[in-house]
Protein chains: 2
Amino acid sequence: MNIGEIARRAGVSRSTVSYALSGKRSISPATRARIQAVIDELGYQPSATARALSSGETRTLGLVFPPAGSHYTDMQLDFIGSLVEAAAGFGYDVLLAAAVGDGQQGLRRLVAERRVDGAVLMEIRLDDARVDYLAEAGFPFVTIGRTGEPERTRWVDLDYTALVRSCVTHLVQLGHRRIAFVNRSERLFHAGYESAHRSLTGFERACAEYGVVGTAHLCGDDPASGEDAIGRILAADPGTTALVTVNEAALGGLYRGLAARGRAIPGDFSVTGIAAGRWATAVTPQLTAADVPAIEMGRVAVELLLELLATPDVPPRHVLLTPPVSLRASAGPAPASDD
Amino acid sequence: MNIGEIARRAGVSRSTVSYALSGKRSISPATRARIQAVIDELGYQPSATARALSSGETRTLGLVFPPAGSHYTDMQLDFIGSLVEAAAGFGYDVLLAAAVGDGQQGLRRLVAERRVDGAVLMEIRLDDARVDYLAEAGFPFVTIGRTGEPERTRWVDLDYTALVRSCVTHLVQLGHRRIAFVNRSERLFHAGYESAHRSLTGFERACAEYGVVGTAHLCGDDPASGEDAIGRILAADPGTTALVTVNEAALGGLYRGLAARGRAIPGDFSVTGIAAGRWATAVTPQLTAADVPAIEMGRVAVELLLELLATPDVPPRHVLLTPPVSLRASAGPAPASDD
DNA sequence: TTGAAAGCGATACCAA
DNA sequence: TTGGTATCGCTTTCAA
């Protein structure tokens, strides 16, 4: 069933049906009613493909999805969900592109074959080839996270530097003087993941400013690596009494490692960090952490992108979020020193 | 840039370019080379939209995505990732439909506007309106999970009944005689989620068969509810020494609740269940559980769906998976009885 | 207020 | 081996 069928049955031309549907020109109440009756009777819905070809708009947004087998964080999942919902609210669908390899291939498909009107990139690196590709192609896009040249693009991001700093501040106020930082994996760090780099910056600056001993450690995105990281932290400095982490996937291992070495949380050792609320409340004791507002980020990403599609020439807008640190049960006063 | 532009530059007709691209008719090496040279020079890629309109195939698969704010399980995330990758391997993209409300609306968009060639449904209920809708519309689809009438459709599923039974068997062999079952949320159960129902069936049957005391509890999909469930379990029967759970999101709370009530795992209390491997290894002690093979399920779902698109008339094929229970550290011999 | 017809960018049939 | 052209189902301009 197509628009011609509706036109015939309603005794009008196809263009009239089209205009009745879009409302882009006025239709007499009588014909409008007649058309609507036929549409309702047949349950007609216009073909998205034909509409896209004709109008030049797919009304679809692309999302480059991290590969399976790599670790997904809860934050990512919430983010995708809210992206889909926000897009649906504006009548847009979301098309997922597999990021096999460096993610360029899937992106090329989306862009070159014109499957989507705009793209959302996540897992941003400070120096990101995908961003360069899209910018050069003049293709509309928004990033979750900033590259090293944030002014060039539109993005929504977490202020990792400030967030990690808040965690350090909290620990210092509790009397901790030897603090460890558990970062994302070596692979991600060396790939230039912006969150891993900006968090580290925040950690180092805060420690320097407060004059406390801070040691940073990379850590794989899984519990086993977290457990291992605790071993390395305590081997490097047995006097460490607290840690800050941005690695929510390793969290369970961090807790397990501390338990295995007889450090009670928060009595002997305090833990803080940045994590999805669900992870923060899943561990025992619950994690004092800045909760990643993934749902808000998804919504904002869609808004920024649709803004760009509607008015391409306004200068880039950015949204930097700094959610508060939720006080829970994993951080407490530093234990009496052995010094 | 379009196919006409390529044709003009190569000095051939548009149909020749089309055939050169698709290989559906033989082209002389000379013209083929000439066309390819122009394509390479201009970096031409055919428009997916135009191709879809003309060919009648979108080469896109639809996935009805659970709403944000609901609790995603890791299984869902891994599943989506593997679905996208498997689809990409066959040259298909994945379009996400928001499942606002009962999920019907997003699905209707996909189907009625013909945005996709086929659909994948997750979060299946025993009596699922979406399945009825697609079946009636004659739209190709595959489900992750079975409805109450499994023979009618194509699906890939976990054998929850058998899996929960395995967990009970393991506990009984360890000497446990009073076992609790922690199911998914009341909302999900009453909505008819098949995994919640089939797991319960497996639990009840196994307990009856072994002649052990089994009590089943519904539990919200979050740690706080898990903690609460432990309170209810021990209040209902303080002699309970073990539990089986299919609620991975509540797992952390289950552990916390047991710790709060002085029950050591596995010394005083054993825990087993069905969960994504990542959750099973994130808790301390690690969970003895059947690991959900989400990646395999995604791959199988795509294969089933593409099979259906290629040969619509072959009878439905089903894949029922029964992953083994991985022995980890959360289950041990029943403690000496107080009886 | 409405209709006719020219695209949009491919595919594939019919001829040559 | 190749070209011409109808077709897919819409949108939108131009006329009436």
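Numbered from 1 within each chain, the chains take letters A, B, ... in sequence-line order.
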* Asked: Looking at DNA chain C, which of residues 33-43 of chain A put a heavy atom within less than 4.0 Å of it?
  ->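 Listed by number, there are none.
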* Scan A/Thr49 against the nucleic acid and name what it touches under 4.0 Å (heavy atoms): base, sugar-phosphate only, or nothing. =>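 Contact class for A/Thr49: none.
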* Asked: Between which nucleotides of DNA chain D, 5' to 3', does chain A make heavy-atom contacts below 4.0 Å?
  ->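 Endpoints of the contacted stretch of DNA chain D: D/dG9 to D/dC14.
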* Only pairs at least two apart or in different chains count here, so list each salt bridge (charged side-chain N to carboxylate O under 4.0 Å, His left out) that has a residue in residues 9-30 of chain A. =>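 Passing the test, one end in residues 9-30 of chain A: A/Glu5-A/Arg9.
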* Asked: So which pairs with a foot in residues 35-64 of chain B pass salt bridge (charged side-chain N to carboxylate O under 4.0 Å, His left out), sequence neighbours left out?
  ->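 Pairs touching residues 35-64 of chain B that pass the test: B/Glu57-B/Arg59.
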Any [X] side-chain heavy atom under 4.5 Å of [Y] side chain:
X: B/Trp155; Y: B/Leu320; value: yes
X: B/Leu134; Y: B/Leu121; value: yes
X: A/Leu158; Y: A/Ser195; value: no

* **side-chain contact (heavy atoms from CB on, under 4.5 Å) partners for A/Ala33, two or more places apart** =>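 side-chain contact (heavy atoms from CB on, under 4.5 Å) list for A/Ala33, sorted by chain: empty.
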* Asked: Sequence neighbours excluded, which residues qualify as side-chain contact (heavy atoms from CB on, under 4.5 Å) partners of B/Ile39?
  ->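 Applying side-chain contact (heavy atoms from CB on, under 4.5 Å) to B/Ile39 gives B/Ile6, B/Leu21, B/Ile35, B/Gln36, B/Tyr44.
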* To do: Enter the inter-axis angle for the ends of the helix from C/dT1-D/dA16 to C/dA16-D/dT1 (five pairs per end, rounded to 10°).
  =>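 For the helix from C/dT1-D/dA16 to C/dA16-D/dT1, the axes at opposite ends meet at about 40°.
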* To do: For B/Glu296, enumerate each residue passing the salt bridge (Lys or Arg N to Asp or Glu O under 4.0 Å) test, keeping only those at least two apart in sequence or located in another chain.
  =>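 With neighbours one apart ignored, the set is empty.
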* Any residue meeting salt bridge (Lys or Arg N to Asp or Glu O under 4.0 Å) with B/Arg299, in chain and number order, not counting sequence neighbours ->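 B/Arg299 satisfies salt bridge (Lys or Arg N to Asp or Glu O under 4.0 Å) with B/Glu303 once adjacent residues are dropped.
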Could you list the donor-acceptor pairs under 3.5 angstrom formed between side-chain atoms of residues 87-97 of chain B and any protein atom two or more places apart in sequence or on another chain?
{"from": "B/Asp93", "atom 1": "OD1", "to": "A/Arg109", "atom 2": "NH2", "distance (Å)": "3.3"}
{"from": "B/Asp93", "atom 1": "OD2", "to": "A/Arg109", "atom 2": "NH2", "distance (Å)": "3.0"}
{"from": "B/Asp93", "atom 1": "OD2", "to": "A/Arg115", "atom 2": "NE", "distance (Å)": "3.1"}
{"from": "B/Asp93", "atom 1": "OD2", "to": "A/Arg115", "atom 2": "NH1", "distance (Å)": "3.3"}

* Structure fact -> Going 5' to 3' through nucleotides 10-16 of chain C and flagging B where a protein heavy-atom sits under 4.0 Å of the base, S where only the sugar-phosphate is that close, and - otherwise, we get BBBBB--
* Asked: What pair of heavy atoms forms the shortest contact from A/Leu61 to A/Val116, and how long is it?
  ->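 Minimum heavy-atom contact is C-CG1, 3.8 Å.
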For residues 140-147 of chain B, please give each side-chain donor-acceptor pair under 3.5 Å, one per line with the distance, not counting sequence neighbours.
{"from": "B/Thr143", "atom 1": "OG1", "to": "B/Gly145", "atom 2": "O", "distance (Å)": "2.6"}
{"from": "B/Arg146", "atom 1": "NE", "to": "B/Asp157", "atom 2": "OD2", "distance (Å)": "2.8"}
{"from": "B/Arg146", "atom 1": "NH2", "to": "B/Asp157", "atom 2": "OD2", "distance (Å)": "3.3"}
{"from": "B/Thr147", "atom 1": "OG1", "to": "B/Glu149", "atom 2": "N", "distance (Å)": "3.2"}

